[in-house]
Amino acid sequence: KHGYAQLVRSCGSPRDLQRAIAIHAQIQASQFRHDRFLANLLVEMYGKCGSVADARRVFDSIPDPNKFSSTLMIAAHSQHGQIVQARELFDRMPEKDTVTWNGMARAYAQQGHLSEAKELFDRTPRRDVISWTTLVLYFAHYGRLEESWRSFHRMPKRDTMASATMVAAFAQHGLVEDAKSLFDGLPEKSLVAWNSLVQGYVQGDLDEEATAMLERMPEWDIVSWNTALQSYVDLCDFDRARDIFRRIPERDTMASTAMIQANGQSGHLDDARRIFEEINFKDLVSWATVIVAYANNGKILEADEMFKKMPLWNLWSSTSMMGAYAQRGNYSEVERMFASIPDRDVICCNLMLECYAQDGKLKDAVKIFERMPKHN
RNA sequence: CCGUGAUUGAGC
């Protein structure tokens, strides 16, 4: 049973879905077919692997779901934006505990339904540090820093994560002074708080302060390395970026993606491509980044080749490819791609708008402008 | 034996 549990837990992302299905089948064929503990883990697994439908099927097959089952199912629904289904389950649960309440509040908050989240928070019977941290995080995330800070202040007990959340909130909103003074007063300074502060300095173009903090840090984790790397990439300082990249002990996909970008900026397309090929887990972002690197250097054929090779397209990858055609002035291809994108956002529409404008197609430009879901 | 919270990468 613990062997199965381990197997199930090893599937944590959509790329594991095939294996997940196989493991599920194996459990079905075993003596643990009706085991609730394993079923709960399967619900969680399918949620993480991106198949809510399968998660729900497993959940519905549990004769006597316990609160773990339900809380996991709520999480699966909300991870996929199915807040109504999540709430339905939540309302039907006989025994809810703090974890359940926190999970439901977070589901609302993530979707930007902050008043619903706050209402749930207010009704939570035994609020804990996580309930409060969720408020701090999402108020900040949606730019409501006053309320974020007030929640932080009203917290009866703060822990390291709560404090780090607040430091990051300040840093991300250009309030790096406030971030710093909060940070200085912290009894326990987590690496996350250090990293957030450095990112605040980088964002504020305070490079000396950022460097000073990086040097004073007790240790670096992969995020620290990537933060340093990305700051040089943003400054188009290829040599320092490469130096950092080479010194990273264990590079992840984000590090490689940043370095692909750096190589693209400097026209080193072969190096960009080599780093891309060496990535173990190529994701949509790394694919899109190579495409942009090729496009920015006028290599439309290579960009197109990569685009066609991608295992999966999303809005960002398609918009990147549209941008590649736009650069070459191939407006008919831009138009064709635009038409094929179902979930266009502002950036995508702006790009189309700009192409029509460049192309002198004023009427089409006006039409796009008027039909855009949002303007900026 | 199972459930909730923090920091890093791409497109106009």
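We name chains A, B, ... by the order of the sequence lines, and we start the count at 1 in each one.
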What's A/L41 touching, base or sugar-phosphate or nothing? Going by heavy atoms closer than 4.0 Å. sugar-phosphate
Which part of the nucleic acid, if any, lies within contact of A/D345, taking any heavy atom under 4.0 Å across all strands shown: a base, the sugar-phosphate backbone alone, or nothing? base
Once you apply a heavy-atom cut-off of 4.0 Å, does A/S196 come out as touching a base, just sugar-phosphate, or nothing? sugar-phosphate
Could you check whether A/S317 gets within reach of a base, just the sugar-phosphate, or nothing at all, counting any heavy atom under 4.0 Å? nothing
Looking for any heavy atom pair under 4.0 Å, which part of the strands does A/A171 touch: base, sugar-phosphate only, or nothing? nothing
List the atom of A/W225, the atom of A/P249, and the distance in Å for their closest heavy-atom pair. NE1-CD, 3.5 Å
So what does A/S190 touch, heavy atoms closer than 4.0 Å: a base, only the sugar-phosphate, or nothing? base
What does A/V167 touch in the nucleic acid at a heavy-atom separation under 4.0 angstrom: a base, only the sugar-phosphate, or nothing? nothing
I need the minimum non-hydrogen distance between A/Q82 and A/H77, along with the two atoms involved. OE1-ND1, 2.6 Å
Answer with base, sugar-phosphate or nothing: what part of the nucleic acid does A/D159 contact at a heavy-atom distance below 4.0 Å? base
Is there a donor in the side chain of A/Y325 and an acceptor in the side chain of A/D304, or the other way round, less than 3.5 Å apart? yes
With a non-hydrogen cut-off below 4.0 angstrom, is A/S70 in contact with a base, only sugar-phosphate, or nothing? nothing
Judged by modelled atom types alone, do A/Q199 and A/N195 share a side-chain donor-acceptor pair under 3.5 Å? no
So what does A/R9 hit on the nucleic acid, given a heavy-atom distance under 4.0 Å: a base, only sugar-phosphate, or nothing? sugar-phosphate
Will you find, in the side chains of A/R87 and A/Y108, an N or O donor that is under 3.5 Å from an N or O acceptor? yes
At 4.0 Å (heavy atoms only), tell me whether A/L315 reaches a base, stays on the sugar-phosphate, or touches nothing. base
Are A/N102 and A/S131 linked by a side-chain donor-acceptor pair shorter than 3.5 Å? yes
Taking any heavy-atom pair under 4.0 Å as a contact, classify A/T289: base, sugar-phosphate, or nothing. sugar-phosphate
Students should find that the nucleotides of RNA chain B closing off the region near chain A, any atom under 4.0 angstrom from a heavy atom, are B/C1 to B/C12
Could you tell me whether A/T133 contacts a base, only the sugar-phosphate backbone, or nothing, with contacts defined as non-hydrogen atoms closer than 4.0 Å? base
Does a donor on one side chain and an acceptor on the other come within less than 3.5 Å for A/T100 and A/D97? yes
Indicate, with a heavy-atom threshold strictly under 4.0 Å, whether A/T253 touches base, sugar-phosphate, or nothing. base
